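Written out below as C-alpha cells is the structure these notes cover.
Because the structure is predicted, anything quoted here is derived from the model rather than measured. Below, read A as the first sequence line, B as the second, and so on, with proteins coming before strands; counting in each chain starts at 1.
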Amino acid sequence: MDNQAKTEAGNQSLSDWFKSVWHVIAIPLAAVLLALVIGAILLIVSGANPIEAYAALIEGSFGTMKAFGRTLAKATPLIFSGLAVALAFKAGLFNIGAQGQLLLGALVSAAAGFLIKGLPPFLHVTLALLAGAIAGALFGAIPGALKAYTGASEVITTIMLNYVAINITDYLADGPLKDISGGNIVARTPAILDSARIPSIGEIPVGFFLAIIVSIIVWFTLWRTTTGFEIRTVGLSPHAAKYSGMRVAFTVILTMVISGFLAGIGGSIETLGIVGRYQPGFNTGLGFDGITIALLGKTHPFGIIPAAILIGAMKAGASTMQFNAGVAKEITDVIQALMLFFVTADMIIRKMLRTKDGGGEKITLSGWGQK
Amino acid sequence: MTEEKLALEIRHVTKRFPGVLANDDVSFELRKGEIHALLGENGAGKSTLMNVVYGLYAPDEGEFLINNKQVEINGPHDAINYGIGMVHQHFMLVPVFSVTENMILGSEVTKGTSLDLKRARREILEISEAYGLEVDPDAIVEDIPVGVQQRVEILKALYRKANILVLDEPTAVLTPQEAEDLFQVMRQLTEKGVSIIFITHKLKEILKVADRVTVMRRGKVVGHTSPSETDQQGLATMMVGRDVLLEVEKAPAKPAEIVLEISNLTIKDERGVSAVKDISFEVRSGEILGIAGVQGNGQTELAEAITGLRGVDAGTTTLLGETIPFEKPRYLVEHGLGHVPEDRHKHGLVLPYSLADNMVLCTYYQKPFAGKTLIRNEQAVLKNAEGLMTRFDVRAPGIDVAASTLSGGNQQKVIVGREFSRGIKVLVANQPTRGLDVGSIEYIHKEIIKMRDEGVGVLVFSAELDEILSLSDRIAVMFRGEIVTIVDAKDATREKLGLWMAGSHPDTV
Amino acid sequence: GGASADVSEDNCADEAVLCVGLVTDVGEVDDKSFNQSAWEGVQQAADELGAFVKYVETKDAKDYAANIQLFAEKDYDVIVTVGFALGEATVGESANYPGINFIGVDQWQGEELANVAGLLFPEDKAGFLAGALAAQMSETGTIAAVLGTDLVPPVVAFKEGYEAGALYINPDINLISTYHPGGMDVAFVDPEWGATTAKQALDQGADVVFGAGGKTGNGALIEVASHEGAFCIGVDSDQWETVPEAHPCLITSAMKLITPGVFELISASAAGEFPGGNYFGTTGLASFHDFDSSVPQEVKDKLAEIDAGLLDGSISTGY
Amino acid sequence: MQTTTSLPAPVSPWKRFIKRWGVTIFITLSVVGVTIWQYAVDARVTEAVLASTIRQSTPLVLGALCGLLGERSAVINIGIEGQMLLGAFVGFLVNVWTGNLLVAVFASILTGALMGLLLAYMSVTLKMDQIIGGTVINILALGLTGYFYQVGLTTQGKLQPISLGPLADIPILGPAIFNNPPITYATFVLVIVVHYVLFYTKWGLRTRAVGEHPRAADTLGVNVFKIRYVNVIAGGAIAGLAGGFLTLEAVGSFERAMTNGRGFVALAVMLFGKYTPLGAWGAALLFGFANAMQTQLQFADIKVAHQFIGMLPYVLTIVILSGFVGRTRIPAADGIPYEKE
Ligand SMILES: Nc1ncnc2c1ncn2[C@@H]1O[C@H](COP(=O)(O)OP(=O)(O)OP(=O)(O)O)[C@@H](O)[C@H]1O
Ligand SMILES: Nc1ncnc2c1ncn2[C@@H]1O[C@H](COP(=O)(O)OP(=O)(O)OP(=O)(O)O)[C@@H](O)[C@H]1O
Ligand SMILES: [Mg+2]
Ligand SMILES: [Mg+2]
C-alpha cells in the first residue's frame with residue numbers, strides 16, 4: 001500500500017531510478033516471458049519446434065534492417081491506437097471504437113491525398129494527416145457526446161459505431177471515392193499523390209518518429225497541463241471533478257475527441273506511409289490491437305511504445321515464422337492473449353516475483369461507464 | 001465468575017489489516033440479557049471486532065464462546081446460526097428490493113422451487129407486531145426513511161431469531177425521538193432474553209441505556225466501567241486517554257451585511273419528489289448559521305444546490321449580491337464560496353491523487369498553478385501543498401502520498417485547508433466533522449470560528465446536535481424539506497431542537 | 001550449380017531446381033476456395049514437375065509485398081499470388097525481381113510485363129451458365145443467389161452473369177439475390193448468414209440457390225442440402241470435392257479453373273515460355289456428379305448451346 | 001447514477017407510461033404493421049421473414065442470457081464472442097470425432113462453461129478488470145480456434161427441425177415458431193427458465209442481491225463468490241450453446257471467426273432488453289427482424305447501397321441506447337470485484 005501511495009516522487013539517485021524502472025517493467029516483462037513459455041508448450045503440443053519458431057519470429061522482426069523497419073512500420077499505427085485507448089482509459093472511458101475512428105481517418109486522409117492537388121509535399125502530408133485525424137476526432141465525438149449527454153455506455157456505442165464505420169468506408173471506397181482509372185474494378189480509392197506520401201529514412205518510417213513525438217505530447221498533456229489534470233480527475237472521480245468546477249461532460253467529449261484524433265492519425269499514417277490509398281480490409285484489427293497495447297503498456301504513453309514494438313514485431317515476424325518454421329500465424333494471437341492475461345492478472349506474477357505491488361497504476365475501468 | 005451465564009465471550013482476538021493492527025488481543029464478555037456498550041475513538045477497532053464476531057472478517061487469532069461453549073465462526077452464515085444478528089454502521093439493505101425481499105435474503109422461504117413471498121410477508125408482519133416495529137413489507141427500501149430502514153435491519157436480525165444483537169452506531173442517523181424509541185425496543189428485547197452490544201459515540205446514550213461499558217483505544221480494550229460508576233467526562237477521558245474539551249469557546253458574533261441569500265428554493269430529487277420545499281433564509285458575514293436536521297430531510301439537496309452540484313426547480317440564490325447560476329461550481333469557486341462537502345471521499349478528494357494535487361483541486365487552473373498556457377507549474381503546486389500542510393497541521397508522511405492513505409481527520413484537514421486558504425467570503429460546510437475523533441473535531445471547529453471572526457459568512461449543516469449547538473450563532477431546523485424554524489442559538493436547547501427535528505411545530509413547544 | 005542438386009529451398013537458385021511459392025490473400029490456404037484451388041495447382045507442379053513448393057498465408061493486407069519477398073529472397077523461380085488485392089504488390093515486386101516469374105490469380109494487367117501473368121477468368125460466363133441451368137431446373141420460378149460482397153469484382157461478375165443467364169432462359173423468372181451486408185473482413189467468413197439467408201430464400205419459394213462467396217456461400221450450400229427437392233450451385237472450384245456436406249443439393253458448380261490455370265502457367269515458366277500479360281483461364285460448369293440423371297437431356301443440350309454461343313460471342317452476358 | 005443528467009421533471013402517469021413503454025409499443029406496432037402488409041402481399045414471404053427472424057435472434061438471445069446472468073451478479077462479460085466461438089469449435093470437433101450430435105452439443109456447453117470458469121476466475125478470484133478479462137477470452141478464442149482448426153473435417157449433418165404437428169400449420173407464426181431444430185426450442189425454454197430463476201427463486205433473489213449490494217448479501221450468509229462463479233459459468237455454458245447452435249444446428253460446419261461479432265451484438269441486446277430475459281428476447285427478435293428485413297429489401301431489389309441497410313441495426317441500437325436504454329438501471333455493483341475485507 002505504501003509504495004502505491006508514492007505518486008510521483010522525485011528520484012534521487014541512478015540506482016533509485018533503476019529500481020523504479022524495474023518496479024514498473026518487472027510485471028510486463030514477466031508477463032511476456034510467461035506468455036512465450038506457454039506459447040512454446042502449445043507449439044510443442046501441436047508438433048512444432050518452438051525454438052525454431054521463435055528464432056524465425058525474431059529473424060522476421062529484428063533480423064535485418066529491413067525486418068526492423070517493418071517492425072517499426074507495424075508498430076507505428078499501433079502506438080497511435082494504443083495512445084487513443086490509453087488516453088480514454090485515463091478519463092475512465094473504454095474506447096473500443098478506435099478501430100472505426102482509425103478506418104475513417106485512413107479513408108479521409110486518402111481522399112485528401114488524391115483530391116488535393118498542387119501542394120508542396122510537406123504541406124500536403126500535414127494537411128492529409130490532419131484531415132484523417134479530424135475525421136477520427138469527429139467520429140470519436142459521437143460516443144463522447146452520447147455518453148456525456150445521455151449516459152449511453154461508450155462500450156456499446158463504440159462497438160456499434162465500428163460497424164457503422166466499416167459500412168461508410170466500404171460504401172465510399174466502392175462508390176463516390178472509387179478508383180476508376182485504368183479500368184480498375186477493385187473497391188479502393190485512387191492512389192494518393194506522391195506529394196502526400198510520408199517517406200522513410202532508410203528502412204525507418206518517418207511515421208514512427210511522429211508516433212514517438214505524439215507519445216511525448218500525450219504524456220505531457222496528461223501530466224503537465226491543466227487539461228490533462230481535468231481528464232485524469234474525471235477518470236478517477238467524476239464527482240470530485242464536478243465539485244471542483246470542471247466541466248465533466250465537456251471533458252468526456254474532449255477526451256473522446258482527442259482519442260479519436262489519435263486513432264485517426266494512426267489510420268492516416270497507414271494510408272500515407274504504407275498503403276498509399278484506402279482499400280477495404282487493409283486496416284483490419286489495428287484499433288482492436290490498441291486495447292491490448294494500451295493495457296500491456298499499463299496505459300502509460302511511454303509504456304505503449306515498447307508494447308507496440310513488441311506486438312508489431314510479432315506481426316512483422318509472423319510470416320517469416322510460417323515461412324521458416326511452418327507455424328500458423330494464429331499462434332501469435334494466442335501469445336498476445338496470454339500476455340494480456342498475465343499483465344493484468346498481476347496477482348499471479350506478483351506471487352511469483354514476491355513483490356507486493358505491480359508498479360504503475362492498477363487498471364480499473366468504469367465498467368459500463370457508470371460511476 | 002465462571003458460573004456466570006455468558007451469551008458471548010470473545011477471547012484474545014487479534015486482527016491485522018495491511019499496516020494496521022485493528023484488534024490487538026481483545027477479550028470481551030456479553031452477559032445474557034444485558035446491553036453492553038462498546039466505546040472508542042474512530043478507528044479504535046470496534047466495527048472490526050464486531051465484523052470478526054459476525055464472521056465477516058477472519059481473525060488472525062482468537063476464539064469465541066457462545067453460551068459458554070466454544071464455537072467456530074467461519075462466516076456470517078455460522079454467526080446467524082449461533083443466533084448472532086448485526087445491524088451494521090452502514091446499512092446492509094439492497095435499495096431496489098422490497099422490505100420483504102431484503103428481510104428473507106439468505107433465509108428464504110420457498111414453496112417448491114419458488115420463493116414464497118406471501119408466507120414471508122405474513123411472518124414479517126407477525127414479528128413486526130410482536131416487537132412493535134412497524135414496517136410496510138411491500139415498500140421498496142430506497143423509498144423509505146432511514147429510521148424505518150433501521151427498523152428493517154433490526155427486524156432482519158429478529159427474523160433470523162437472533163438472541164445476540166450487535167448495533168453498530170444505530171443512532172447516528174436518528175432523531176432524538178427515534179433514538180428514544182430505539183432504546184425502548186432495546187429494553188423490550190433484553191426482557192425477552194436478547195443480549196445487545198451497543199456501539200455509539202454519544203456518551204449520553206451510553207449513560208442512559210447501557211448496563212456495562214467496555215472502552216477500546218487503538219485496537220486494545222483499555223477498561224470496563226458502568227453508567228453508575230462514571231459520567232460523560234469520565235467516559236471521554238477513558239476513551240481518548242486525556243482530558244478533552246467537549247465544547248469550543250467563542251466570542252459573540254458580529255454579523256454584518258448579507259452575503260448569502262436563499263429565496264424560495266424548491267428542489268426535486270432523482271425520483272421527482274420535492275426534497276426541498278420553498279426554503280428561504282440568509283447568512284450574514286461574520287455569523288454562523290447552523291442547519292440542524294436528521295439525515296434525509298433535504299439538507300443534502302439544499303447544500304448541493306447552494307454549492308452548484310445540483311440544479312433546482314424554483315428559487316434563486318444570491319451570493320454577495322449577485323444571483324448565481326445553478327450547477328456551475330466553477331462560478332462559485334471564482335466568486336468567493338468555499339465548500340466542505342458532506343462526502344469527502346466522493347466529492348472532496350480524488351483519493352488516488354497526491355495531497356499536493358488535491359490541494360489545488362479547485363484552483364489548479366489559476367495563477368500561480370497554471371496560466372493561459374494551460375501548463376502546470378509543478379513548483380507552485382508543491383509549494384502550496386507544503387504551506388497548507390504546516391498551516392493546517394495535516395499529519396502525513398509527505399505531500400506526495402495519495403490522499404487515500406490518510407486518516408479521516410487528516411483528509412478533512414486537507415479539504416479544510418484547501419477551501420479556507422483561498423480567500424473565500426462564504427463557507428458552506430456540510431457535516432464538517434462526520435466520523436472524526438474529538439481532537440480533529442476540536443481543531444476544525446476552531447478553524448471555522450476563526451473564519452467567522454475574519455468576516456466570512458458560514459453555513460454549517462450538521463446532524464449532530466452538539467456540533468450545531470456549539471458552533472452556531474443562529475440555528476435553522478429542517479424537517480421534510482422545510483425549515484421548521486430559525487432561532488437564535490441562545491434560545492435553543494437540545495430538547496427543543498430534538499423535537500423540531502422530529503417534526504414538532506415550534507409554536508406547540 | 002550442378003544437375004545433382006537436391007530439391008530443397010536452399011537450392012532454389014539452381015537452374016535445375018524449380019521452386020514455386022504461393023502467397024495467399026488474407027485468409028487461409030485451405031479455404032475451400034480460390035486460395036486452395038491455386039495451392040492445388042502449385043502442388044500439382046510439385047507432383048508432376050518435381051518442384052519444391054511452399055506457401056505463406058497473409059495475415060495483414062499490408063504484408064503482401066513482404067510475403068512475396070520471403071520467396072523472392074530465396075530465389076524462387078515462380079511466385080503465385082492469389083487474389084486481385086495482391087495485384088499492386090505483385091507488379092511492384094516483379095520490377096525488383098525481374099528473374100522471377102509471377103502468376104497473379106484474378107489480377108488484371110493494365111500493361112504487359114514479361115514476368116507477370118495475370119490469370120483471369122470470365123466469371124460472368126460461368127455465372128451465365130449457372131443461371132441458365134438454375135432457371136431450367138427451377139419448378140417454382142424463383143431462384144436465389146447468396147453472395148459475398150460486391151467489393152470484390154469476381155463476385156459481382158458471377159452475380160451479373162447468373163442473373164443474365166436466368167433471364168435468358170426465362171424473362172419472367174423471379175430472381176432474389178443478396179450480398180452480405182458486412183465489410184471485407186466478414187463478408188466471406190459468415191457461413192451462418194449465408195445459411196439463414198439461403199433458408200429465407202427457400203422459404204419464399206426459391207428452389208435453386210447459387211452460393212458465391214467463400215465460406216458465406218458454403219453456408220448457403222449446406223443449408224440448401226437439408227431442404228428436400230432444392231438445388232444448390234457452388235462456385236470457383238468443383239465444390240463437390242470441397243464441401244461434401246452439400247452433396248444432397250449440389251447440382252454443379254460455376255467453376256473458374258484456377259488449379260489447371262496455375263499449373264499451366266507454372267509449366268510454361270518451367271519450359272521457358274512464360275506468357276506475360278493477361279492469361280485467360282477457362283470457366284464452366286462442373287460435372288453434375290450424382291445429379292447427372294436428374295438433369296434432363298434437353299437442359300444439357302441447351303447448356304451446350306449456350307456455352308458455344310458464349311464462346312463465339314453470339315450470346316453476351318451483358319457484363 | 002449518471003454524472004451529467006439533470007433532474008427529471010415530474011411526470012403524469014400517462015406520460016410515465018409512454019416513457020416506459022412508448023418505444024416498445026411503437027416498435028411492436030411497426031413490426032406487426034410491416035408483417036401484416038407483407039402478409040397481404042405474399043404469405044410465404046412473411047413466413048420466411050419470421051422464420052429468419054427467429055433463427056437470427058437465437059444466438060443473440062443466448063448471448064444476451066449469458067451476459068445478463070453475469071451482470072445480474074455484477075460480473076461484466078464482454079467475452080461472450082470468444083465463449084461462443086470456442087463452444088462452436090469444440091462442438092464441431094466432437095461432432096466430427098463422434099458423429100453424435102447430442103454429445104457434441106454437450107461439448108459446446110461444457111466448453112462455454114469452462115470459458116465461463118476462466119472469466120469467473122479472472123474477475124472474481126484474481127479481481128482483474130472484467131472488461132480486460134473478457135478481452136483476453138476473445139483474443140484467446142480467436143487464436144486457439146484459428147491455430148488448431150484444420151480444414152477438411154466434415155460432419156455427419158446437423159440438428160434438423162422438428163415439426164410440432166398441427167401447431168406448425170398455424171398461419172404466419174406456426175412455421176416460424178413450431179418448426180424448429182432442438183437448440184432453438186431449447187432457447188425458448190431457456191428464456192423462460194432464466195426469467196423464472198432470476199425473479200422467482202431463491203437463487204435469483206441472491207443473484208440480484210449480489211449484483212446490487214454484495215456486502216449486504218454477504219452479511220446474510222450468502223456466498224458472493226459462489227453466486228458469481230455459478231452464474232458466470234452458467235452464462236458461459238449458454239454462450240457455448242450459442243456456439244453449438246452455429247456449428248451444430250445452423251451451419252453444420254465450422255469456420256474461423258464464424259461468430260462474426262454476434263457476441264458483441266448480444267451485449268447490445270442485453271442492454272436493450274434492460275437486463276431481463278424477456279426483454280432481451282424482444283430485443284433479439286427485433287435485431288433478427290431487422291436483419292431479415294434487410295435481406296428481404298435486397299431480394300426485392302430495392303436499390304439502396306446495401307451498406308446503408310447494413311448499418312441500420314447498429315444505428316438503431318445507438319439511437320435506442322441513448323434515448324431509451326441509456327436510462328436502464330445497471331446493477332449497482334456491476335463490474336466491481338468484491339473484496340471480502
Ligand atoms: N477493510 C479494512 N482494511 C484495512 N484497514 C481497515 C479495514 N477496516 C478497518 N480498518 C482499519 O482498522 C482500524 C479499526 O477500524 P474500525 O472500523 O474497526 O474502527 P471503529 O472503532 O469502528 O471506528 P468508527 O468509530 O469510525 O466506526 C482502523 O485503523 C481502520 O483504518
Ligand atoms: N479497504 C480499506 N483499506 C484501507 N483502509 C480502509 C479500508 N476500509 C476502510 N479503511 C479505513 O478505515 C477507516 C475506518 O473505516 P470506515 O469505513 O469505518 O470509515 P470512517 O472514516 O470511519 O467513516 P464513517 O463515518 O463512514 O464510519 C477509514 O479511515 C478508512 O480510510
Ligand atoms: Mg467507521
Ligand atoms: Mg465503526
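The distance from atom CG of Asp129(D) to atom CG of Leu295(A), rounded to the nearest 0.5 Å, is 8.0 Å. Expressed to the nearest 0.5 Å, how far CZ of Phe264(D) lies from CG of Asn162(A) amounts to 9.5 Å. Between the CG atom in Leu267(D) and the CD1 atom in Ile156(A) there is a gap of 5.0 Å [rounded to 0.5 Å]. Here Tyr147(D) contributes atom OH and Glu330(A) contributes atom CD; the two are 9.5 Å apart, rounded to the nearest 0.5 Å. Atoms CZ and CG, from Phe341(A) and Leu118(D) in turn, are 6.5 Å apart once rounded to the nearest 0.5 Å. To the nearest 0.5 Å, atoms OH (Tyr314(D)) and CD1 (Ile159(A)) are separated by 11.0 Å.
Looking at Leu161(A), both its backbone and its side chain come within 4.5 Å of chain D, counting heavy atoms on both sides. For a residue to count as touching a neighbouring chain, one of its non-hydrogen atoms must lie under 4.5 Å from one of that chain's; by this rule Leu172(A) does not touch chain D. At a 4.5 Å heavy-atom cutoff, the contact between Thr292(A) and chain D is made by side-chain atoms alone. Of the atoms belonging to Tyr121(D), it is side-chain heavy atoms, and not backbone ones, that fall under 4.5 Å from chain A. Interface remark: Leu340(A) contributes backbone and side-chain atoms alike to the contact with chain D (heavy atom separation under 4.5 Å).
Per-residue heavy-atom pair counts under 4.5 Å with chain D were compared for Ile168(A), Val327(A), Asp333(A), Asn167(A), and the maximum is reached by Asn167(A). When the candidates Ile336(D), Val315(D), Leu144(D) are compared by the number of heavy-atom contacts under 4.5 Å with chain A, Leu144(D) comes out ahead.
Under the rule for a side chain to side chain contact (heavy atoms under 4.5 Å, CB included), the partners of Ser123(D) that lie at least two apart in sequence or sit in another chain are Val75(D), Leu119(D), Gln130(D).
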Problem set entry | Intermediate values then yes/no, side chain to side chain contact (heavy atoms under 4.5 Å, CB included), Leu42(A) and Phe148(D) | CA-CA 10 Å; Leu42(A) 272 181; Phe148(D) 286 107; 3.7 Å; yes
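The environment of Arg247(A) atom CZ is sparse: at most 12 non-hydrogen atoms of other residues, nucleotides or ligands sit within 6.0 angstrom.
Each of Asn138(D), Ile139(D), Thr135(D) was checked for a side chain to side chain contact (heavy atoms under 4.5 Å, CB included) with Ile291(A), and the lone residue meeting it is Thr135(D).
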